[in-house]
Peer 1: 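Below you will find the structure I want to go over with you.
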2 protein chains.
Amino acid sequence: MLQVEPENGRAAAGAAAADSLESVRDIFIRQWGAMGSQWGVNRSMAMIHALLLVSPEPLTTDAIMEELEISRGNANTNLRELVDWGLVYPVLVKGDRRDYFVAEKDVWRIFCIVARERKRREMEPAQKVLEECVRRSGSLEGEEAQAMHAQLARLSEFVGTANELMDKLARPERDRILPNLMRVL
Amino acid sequence: MLQVEPENGRAAAGAAAADSLESVRDIFIRQWGAMGSQWGVNRSMAMIHALLLVSPEPLTTDAIMEELEISRGNANTNLRELVDWGLVYPVLVKGDRRDYFVAEKDVWRIFCIVARERKRREMEPAQKVLEECVRRSGSLEGEEAQAMHAQLARLSEFVGTANELMDKLARPERDRILPNLMRVL
DNA sequence: CCAAACTTTCAATACTTACTGAAAGTTATG
DNA sequence: CATAACTTTCAGTAAGTATTGAAAGTTTGG
C-alpha cells in the first residue's frame with residue numbers, strides 16, 4: 001500500500017492502472033500527505049486525516065498504523081493532535097476496549113477548524129508583534145522614525161481588520177454566510 | 001543588532017530598554033523573522049522583507065547583509081525570491097552600479113500577492129488532487145466506494161468554491177471589496 | 001578588452017523537525 | 001488486586017531545510 005503502483009495485473013504496459021476503492025483511496029492519502037508539507041502540517045498527520053476522511057467506519061490505531069505503515073508512536077502522537085484540533089473524534093465501540101477514531105466529515109466544520117487554527121498560529125502573533133511595535137514607535141521623533149511608525153500602523157490596522165473578518169467568516173452559521181459572500185464578490 | 005538587548009545604557013537594571021528607531025526596527029525584524037516559520041517562509045526571507053518594509057530608502061545587498069548579519073549567498077537567494085513574488089523591487093540608483101531594493105509598501109497589494117501565492121501553493125494542488133480522485137472513484141461500485149466518492153466530491157466542491165472566492169477577493173479593486181465584505185459579515 | 005566591482009551558484013555543514021521502537025504507564029476485567 | 005490489553009512517552013536517529021563561504025560568472029568603466 002501507498003507505493004506508486006508500478007503496473008497493474010490486467011492493464012496493458014504503459015496504460016493507467018484500473019481503479020479500485022483501495023487504489024483511489026491510496027492515491028488520495030498519498031497526495032494529501034505530500035500536500036501537508038505545504039500546509040505546515042506534517043505528512044503523517046495529513047495522511048491519517050485523509051485516511052479517516054474517506055473511511056466510513058471508525059478505525060483503531062493499529063488499523064491506521066498498518067494501512068499507512070507508520071509506527072505506533074507516530075500514529076498516537078498525530079491522532080492526539082488531530083483530536084485536539086477537533087478534526088477527529090475518538091469513539092467507543094461496544095465490546096472493544098480499544099480507541100476507535102472517526103474524522104469530522106462536514107466540510108464547513110473542517111474549514112472553520114482549520115481557519116481558526118491558522119488564525120491562532122499565523123494572524124494573532126503577527127497582530128501582537130505589530131501592535132507592540134506601533135506602540136513603541138509612536139513617540140519617536142524624526143522623519144524616518146515617523147515613516148516607520150506610519151508603515152507599521154498601516155500593517156497593524158490591516159491585520160486587525162483581517163482578523164475580524166476571519167472571526168466572522170469562520171463561525172458556524174454557514175448557510176447565511178456563503179451565499180452572501182458569493183453575491184458580494 | 002538583532003540580539004536581544006541585554007541592557008540599555010541609561011535604563012535602570014530590570015527596566016525596559018528605552019525605545020529608539022533602531023531598537024523598534026530590530027524588534028520588528030526579529031519577531032517578524034521568527035514568525036516566518038509559522039508562515040512557511042524562511043527566517044531570512046521574512047527578516048529581509050521586514051527590514052525593507054520599514055526602510056524608507058532602498059538598500060543594497062551589502063547593507064542588508066550587515067544589518068541582519070547574514071551571508072551574501074543567503075541575502076542574494078532570498079532577495080531574488082522576494083523579487084519573484086513581487087514583494088520587493090530592484091531599483092537603480094544613479095551613479096551606483098549596485099542593485100538597490102525597496103519593498104512594496106501598499107498593504108492591500110502585499111495581501112494580494114501573499115494570497116495569490118498561497119492559493120497557488122496550497123489550494124490549487126489540493127483541488128487538482130481532489131478532482132482526480134473524484135473522477136477516478138466515480139465509476140466504482142459498492143456502498144463503501146460510493147461513500148468515499150461522495151465525500152471526495154463534497155471536499156472538491158468546497159475547495160473549488162473557496163478558490164473562486166480567493167480569486168475574487170485578491171484582485172486589486174480593493175476599495176469596492178473591503179467595505180462590501182465588512183457589511184456582509 | 002582588461003581589471004575591478006558586483007552577483008550568482010553550489011557543495012559542505014548546521015539547524016530544525018519528524019519518526020521509530022522500546023520501555024513505562026494506564027485501565028479494565030476476572 | 002494481578003494480569004493482560006491497550007496507550008503514551010521519549011531518547012535516539014533519520015530526513016528535510018536553511019545557511020555559509022568560497023569559487024565561478026557577469027557586467028561596466030577605463
Peer 1: If the condition is salt bridge (charged side-chain N to carboxylate O under 4.0 Å, His left out), which residues does B:E124 pass it with, not counting sequence neighbours?
Peer 2: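 Checked B:E124 against salt bridge (charged side-chain N to carboxylate O under 4.0 Å, His left out); matches are B:K119.
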Peer 1: Between the axis at one end of the helix from C:dC1-D:dG30 to C:dG30-D:dC1 and the axis at the other (five pairs apiece), what's the angle to 10 degrees?
Peer 2: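 Roughly 20° between the end axes, to the nearest 10°.
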Peer 1: Look at the side-chain N and O atoms of A:T77 and state whether any lies under 4.0 Å from the OP1 or OP2 oxygen of C:dA18.
Peer 2: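 For C:dA18, neither OP1 nor OP2 has a side-chain N or O of A:T77 closer than 4.0 Å.
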Peer 1: Evaluate the ring planes of B:F158 and A:F111, with Trp represented by its six-membered ring, and classify them as parallel (under 30°), tilted (30 to 60°) or perpendicular (over 60°).
Peer 2: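 Tilted, since the angle between the ring planes falls between 30° and 60°.
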Peer 1: List in chain and number order the residues that pass side-chain hydrogen bond (donor to acceptor under 3.5 Å, both in side chains) with A:E132, two or more places apart in sequence or in another chain; answer none if no residue qualifies.
Peer 2: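 Once residues adjacent in sequence are excluded, the partners of A:E132 under the side-chain hydrogen bond (donor to acceptor under 3.5 Å, both in side chains) criterion are A:R136.
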Peer 1: Nearest whole angstrom, please: distance from the P of C:dT9 to the CG of B:N74.
Peer 2: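 Interatomic distance, CG of B:N74 to P of C:dT9: 14 Å.
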Peer 1: What residues from residues 88-102 of chain B pass a heavy-atom cutoff of under 4.0 Å to DNA chain C?
Peer 2: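 Correct list: B:R97, B:R98, B:D99.
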Peer 1: Rounded to whole angstroms, how far apart are CG on A:L68 and C1' on C:dA18?
Peer 2: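 My rounded result for the distance is 15 Å.
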Peer 1: Under a criterion of less than 4.0 angstrom to any heavy atom of chain A, what are the 5'-terminal and 3'-terminal contacting nucleotides of DNA chain D?
Peer 2: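 So the contact region on DNA chain D extends D:dA4 to D:dT9.
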Peer 1: Taking CE from A:M65 and P from C:dT20, how many angstroms apart are they, rounded to a whole number?
Peer 2: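 Result: 9 Å.
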Peer 1: Listed by chain and number, what are the side-chain hydrogen bond (donor to acceptor under 3.5 Å, both in side chains) partners of A:N74, not counting sequence neighbours?
Peer 2: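 Checked A:N74 against side-chain hydrogen bond (donor to acceptor under 3.5 Å, both in side chains); matches are A:S44, A:N78.
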Peer 1: Rounding to a whole Å, what distance do you find between B:Q38:CD and C:dT16:C1'?
Peer 2: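 Result: 13 Å.
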Peer 1: Excluding sequence neighbours, so at least two apart, what forms side-chain hydrogen bond (donor to acceptor under 3.5 Å, both in side chains) with A:R118?
Peer 2: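 Listed in chain order: B:E122.
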Peer 1: Sequence neighbours excluded, which residues qualify as ring pair (Phe, Tyr, Trp, His ring centres under 6.0 Å) partners of B:Y100?
Peer 2: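 B:Y100 satisfies ring pair (Phe, Tyr, Trp, His ring centres under 6.0 Å) with no residue once adjacent residues are dropped.
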Peer 1: Any salt bridge (charged side-chain N to carboxylate O under 4.0 Å, His left out) involving residues 82-98 of chain A? Give me the pairs, sequence neighbours left out, ordered by first then second residue.
Peer 2: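 Applying salt bridge (charged side-chain N to carboxylate O under 4.0 Å, His left out) to every pair that reaches into residues 82-98 of chain A, excluding sequence neighbours, yields A:D96-A:R98.
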Peer 1: Restricting to side-chain hydrogen bond (donor to acceptor under 3.5 Å, both in side chains), what partner residues turn up for A:E144, sequence neighbours left out?
Peer 2: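 Here no residue qualifies.
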Peer 1: Whole angstroms only, please: what is the CD-C1' distance between A:E69 and C:dG21?
Peer 2: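 Atom-to-atom, A:E69 to C:dG21, this comes out as 16 Å.
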Peer 1: Other members of the hydrophobic cluster containing A:L92, with the 4.5 Å side-chain heavy-atom rule, please.
Peer 2: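 None, because no other hydrophobic side chain comes under 4.5 Å of this residue.
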Peer 1: Mind jotting down which residue pairs meet the salt bridge (charged side-chain N to carboxylate O under 4.0 Å, His left out) criterion with at least one end in residues 51-63 of chain A? Sequence neighbours excluded, please.
Peer 2: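 Every pair satisfying salt bridge (charged side-chain N to carboxylate O under 4.0 Å, His left out) with a residue in residues 51-63 of chain A: A:D62-A:R72.
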Peer 1: Please compare A:N76 and A:S37 by the position of their nearest nucleotide in DNA chain D and report the one closer to 5'.
Peer 2: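 Looking at the nearest nucleotide for each, A:N76 comes out on the 5' side.
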Peer 1: Flag the pair A:E117 and A:R120 as a salt bridge only when some basic side-chain nitrogen lies within less than 4.0 angstrom of an acidic carboxylate oxygen.
Peer 2: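 Here A:E117 pairs with A:R120 in a salt bridge, since their nearest N and O are under 4.0 Å apart.
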Peer 1: If you look at every strand shown and take non-hydrogen atoms under 4.0 Å, does A:R72 touch a base, only sugar-phosphate, or nothing?
Peer 2: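 Counting heavy atoms under 4.0 Å across all strands, the contact made by A:R72 includes a base.
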